[in-house]
J.: 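My questions will all concern the structure given below.
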Protein chains: 2
Amino acid sequence: MTDPERPRQRMTKGERTRQRIIDSATELFSRSGYRAVSLRDIAAHAGLTHAGVLHHFPNKEATLIHVLSRRDEIDAPLVLDPGLSHRALIENILWIVERNADTPGLVSLYVNLSAEATDPAHPAHKYFVQRYRVLRESLTTAFTVLLGNRDTPSPQVAAQQFLALQDGLQIQWLLEPEVVNMRATVLSYLRGLGIELPEEPILRRPETDLEAGHDLMAEASRRTIDPGSTDPDR
Amino acid sequence: MTDPERPRQRMTKGERTRQRIIDSATELFSRSGYRAVSLRDIAAHAGLTHAGVLHHFPNKEATLIHVLSRRDEIDAPLVLDPGLSHRALIENILWIVERNADTPGLVSLYVNLSAEATDPAHPAHKYFVQRYRVLRESLTTAFTVLLGNRDTPSPQVAAQQFLALQDGLQIQWLLEPEVVNMRATVLSYLRGLGIELPEEPILRRPETDLEAGHDLMAEASRRTIDPGSTDPDR
DNA sequence: GTCTATAGAGGGATAGAC
DNA sequence: GTCTATCCCTCTATAGAC
């Protein structure tokens with residue numbers, strides 16, 4: 001899988017084009033969702049024709065798979081590293097909430113996709129089912145410790161509430177950014193659970209094992225298209 | 001506006017067809033969202049051609065407006081009746097949560113539409129902005145009283161959290177209905193706020209002033225198409 | 001009130017030139 | 001590696017017959 005951190009100079013021309021295509025797909029899917037964006041839209045944004053895009057990816061669905069995979073390469077280590085403390089997991093999620101408030105496009109991508117993907121026929125359906133399973137599991141473990149001997153909510157319910165709160169807030173925030181403070185509202189929920197975190201934003205990205213948790217998407221990808229086989233340049 | 005309670009016998013043929021079209025549109029939008037459903041899909045489901053649909057509605061957008069208006073005629077009195085007590089408002093919302101768990105299509109409609117409609121260019125954008133404004137306002141007033149002299153969360157934040165929780169839970173529930181109990185999880189949130197409600201479902205629809213709050217959609221409709229002018233039969 | 005026919009735009013995907 | 005050209009499909013919307 002392409003390493004987004006590798007300097008562009010060291011990439012082949014094909015790799016750079018693939019990168020540009022995924023950048024464009026990310027931005028356009030973010031704005032309007034997967035189904036409403038055409039290959040021609042993506043191609044125009046990336047500066048080539050739709051046939052050019054289909055030289056690098058076998059079909060439209062493959063571009064979506066790559067967009068999601070790349071997000072996971074960046075974020076998965078923050079939440080799936082098994083070496084993470086329970087507190088660090090919550091802090092890292094809070095950091096993501098914080099960063100989201102600066103990247104409305106990214107938020108829009110996940111809001112649109114997670115809604116579309118509730119349809120079992122959607123190409124990203126399995127991906128989102130898997131995603132929420134993994135996140136709920138991690139959070140349930142963390143809350144089991146962090147909630148101490150509280151009896152309500154249960155760690156399982158707290159995990160569902162915590163994730164639901166973030167998703168729901170994103171919709172309200174996209175509709176009216178001025179009236180919703182995602183970070184403060186999530187913090188307030190955690191305080192209600194007796195979990196105190198610093199009021200100030202974290203700013204810098206938390207340090208992580210960059211190799212951790214990269215395979216959240218792996219199963220879903222394999223069921224559809226092997227991303228590795230779609231690069232005719234290597 | 002058509003009264004959905006009036007017996008079908010007393011409707012003209014045109015009214016019945018319009019009703020069937022809106023029923024079909026509701027079901028299909030619920031399954032796949034607005035943009036992914038075509039007029040031909042709606043027409044086929046309602047048992048006529050797409051040209052037949054366009055005889056009753058000037059364009060696709062008008063069907064969406066009518067679908068949303070009809071939902072509001074049913075649900076708005078439950079949350080916008082000014083004669084409602086603060087406790088009754090929360091109970092009515094809980095009743096809606098309860099009913100939602102029996103109507104996945106309806107849940108899917110709002111999940112898909114509220115995501116699509118975060119785009120300012122979406123025909124239902126203004127509608128959803130308005131919808132959340134009104135709901136937050138009602139809930140803020142209710143929480144101002146119900147939270148007593150708690151200082152955290154503020155009534156405004158509680159209103160945002162309460163709505164966000166419901167929206168986010170719907171996504172998780174649509175993805176994996178077996179692992180999410182929407183009613184119990186919302187109840188647990190309210191208990192955390194010190195608001196105790198009966199553990200058992202409410203079952204029957206709460207009684208309301210059926211005329212209350214019908215104009216949530218009115219402004220948004222007027223800005224696009226006057227629904228009254230689209231029925232050539234009257 | 002509903003249909004067929006059609007216009008005109010745009011979608012995904014493929015073949016083959018360069 | 002990228003293009004043009006093309007196929008074939010589906011979309012929204014309109015015109016006009018019945």
Side-chain angles (χ1 to χ4, degrees), chain A residues 2 8 10-25 28-29 31-67 116 121-124 224-225 229-234, chain B residues 2 8 10-25 28-29 31-67 116 121-124 224-225 229-234:
Chain A
T2 311
R8 299 218 161 178
R10 293 212 45 224
M11 292 182 183
T12 67
K13 185 179 176 197
E15 282 172 325
R16 263 179 286 126
T17 304
R18 284 169 64 81
Q19 196 64 46
R20 249 174 37 238
I21 291 168
I22 294 303
D23 287 343
S24 298
L28 296 179
F29 291 162
R31 213 178 292 153
S32 317
Y34 171 72
R35 299 205 234 234
V37 170
S38 70
L39 282 175
R40 284 174 172 85
D41 293 336
I42 298 169
H45 193 277
L48 69 173
T49 64
H50 82 288
V53 170
L54 288 173
H55 171 72
H56 292 279
F57 299 92
N59 52 42
K60 187 187 172 190
E61 195 176 314
T63 64
L64 174 62
I65 301 289
H66 280 260
V67 165
E116 284 182 2
H122 193 281
T224 47
I225 279 114
S229 73
T230 66
D231 184 351
D233 296 347
R234 58 179 68 164
Chain B
T2 311
R8 298 219 159 176
R10 292 212 45 222
M11 292 181 182
T12 67
K13 184 180 176 197
E15 281 173 324
R16 264 180 283 127
T17 305
R18 282 170 64 82
Q19 196 63 47
R20 249 174 35 237
I21 291 169
I22 294 303
D23 286 344
S24 298
L28 295 179
F29 290 162
R31 214 180 289 153
S32 317
Y34 171 73
R35 299 206 234 234
V37 171
S38 70
L39 283 174
R40 281 179 170 82
D41 294 336
I42 299 169
H45 193 276
L48 69 173
T49 65
H50 79 287
V53 171
L54 289 172
H55 171 72
H56 293 278
F57 299 92
N59 54 40
K60 186 185 172 189
E61 195 176 315
T63 65
L64 174 62
I65 301 288
H66 276 78
V67 166
E116 285 182 1
H122 193 282
T224 48
I225 279 115
S229 73
T230 64
D231 185 350
D233 296 346
R234 56 179 70 166

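Excluded from the calculations below are hydrogen atoms, water molecules and symmetry mates; all remaining heavy atoms, backbone and side chain alike, are included. Order of the sequence lines sets the chain letters (A, B, ...), proteins ahead of strands, with each chain counted from 1.
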J.: Kindly say whether His56(B) contributes a backbone atom to a donor-acceptor pair with the side chain of Arg18(B) at under 3.5 angstrom?
T.: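 Yes; at least one donor-acceptor contact below 3.5 Å.
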
J.: Less than 4.5 Å apart, side chain to side chain, heavy atoms only: is that true for His45(B) and Asp41(B)?
T.: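 They are not in side-chain contact.
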
J.: Nearest to the side chain of His50(A), heavy atoms from C-beta on, is which of dA15(D), dG12(C), dG11(C)?
T.: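 Looking only at side-chain atoms, His50(A) lies closest to dG12(C).
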
J.: Counting side-chain heavy atoms from C-beta on, which of dT2(D), dC11(D), dA13(D) comes nearest to Asp41(B)?
T.: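 For the Asp41(B) side chain, the nearest candidate turns out to be dC11(D).
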
J.: Heavy-atom distance under 4.5 Å between the side chains of Phe57(A) and Leu39(A), does that happen here?
T.: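 No, every pair of side-chain atoms sits at 4.5 Å or beyond.
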
J.: State, to 0.1 Å, how close Ala124(A) and Leu64(A) come at their nearest heavy-atom pair, and which atoms those are.
T.: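 Here Ala124(A) and Leu64(A) meet closest at CB-CD2, 4.1 Å.
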
J.: Rounded to the nearest Å, what distance is computed from the CG atom of residue Leu39(A) to the P atom of nucleotide dT14(C)?
T.: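 My rounded result for the distance is 11 Å.
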
J.: Out of dA13(D), dC11(D), dA13(C), which has the shortest distance to the side chain of Leu54(B)?
T.: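 Among dA13(D), dC11(D), dA13(C), the one nearest the side chain of Leu54(B) is dA13(D).
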
J.: Whole-Å distance between dA13(D) C1' and His55(B) NE2?
T.: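 So the NE2-C1' distance, His55(B) to dA13(D), works out to 15 Å.
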
J.: If you assign Arg40(A) and Leu48(A) each to the DNA chain D nucleotide with the nearest heavy atom, which residue ends up on the more 5' nucleotide?
T.: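 In this pair, the answer is Leu48(A).
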
J.: At under 4.0 Å, does any side-chain N or O of Thr49(B) touch on OP1 or OP2 of dT4(C)?
T.: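 For Thr49(B), the contact criterion (side-chain N or O under 4.0 Å from OP1 or OP2 of dT4(C)) is not met.
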
J.: Can you tell which of dT2(D), dT4(C), dA13(D) lies closest to the side chain of Ala51(B)?
T.: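 Of the candidates, dT4(C) comes closest.
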
J.: Would you say dC11(D) has OP1 or OP2 under 4.0 Å from some side-chain N or O of Ser38(B)?
T.: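 True: Ser38(B) side-chain N/O within range (under 4.0 Å) of dC11(D) OP1/OP2.
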
J.: Mind calculating the distance between CG (Leu28(B)) and C1' (dT10(D)) to the nearest angstrom?
T.: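 Rounded to the whole Å, the gap is 16 Å.
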
J.: Report the distance from atom CZ of Phe57(B) to atom P of dA13(D), rounded to the nearest whole Å.
T.: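 So the CZ-P distance, Phe57(B) to dA13(D), works out to 13 Å.
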
J.: Need one value for Val37(A): base, sugar-phosphate or nothing, where a base atom within 4.0 Å counts as base even if backbone is also close, heavy atoms only.
T.: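 Val37(A): backbone/sugar contact only, no base atoms under 4.0 Å.
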
J.: Nearest whole angstrom, please: distance from the P of dA13(D) to the CD of Glu61(B).
T.: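 One finds 9 Å between P of dA13(D) and CD of Glu61(B), rounded.
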
J.: Are Phe29(B) and Thr63(B) close enough that some pair of their side-chain heavy atoms sits under 4.5 Å apart?
T.: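 Sidechains of Thr63(B) and Phe29(B): in contact.
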
J.: Quick check for you: among dA13(D), dT2(C), dA13(C), whose closest atom lies nearest to any side-chain atom of Lys60(B)?
T.: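 Nearest to the side chain of Lys60(B) among the choices is dA13(D).
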
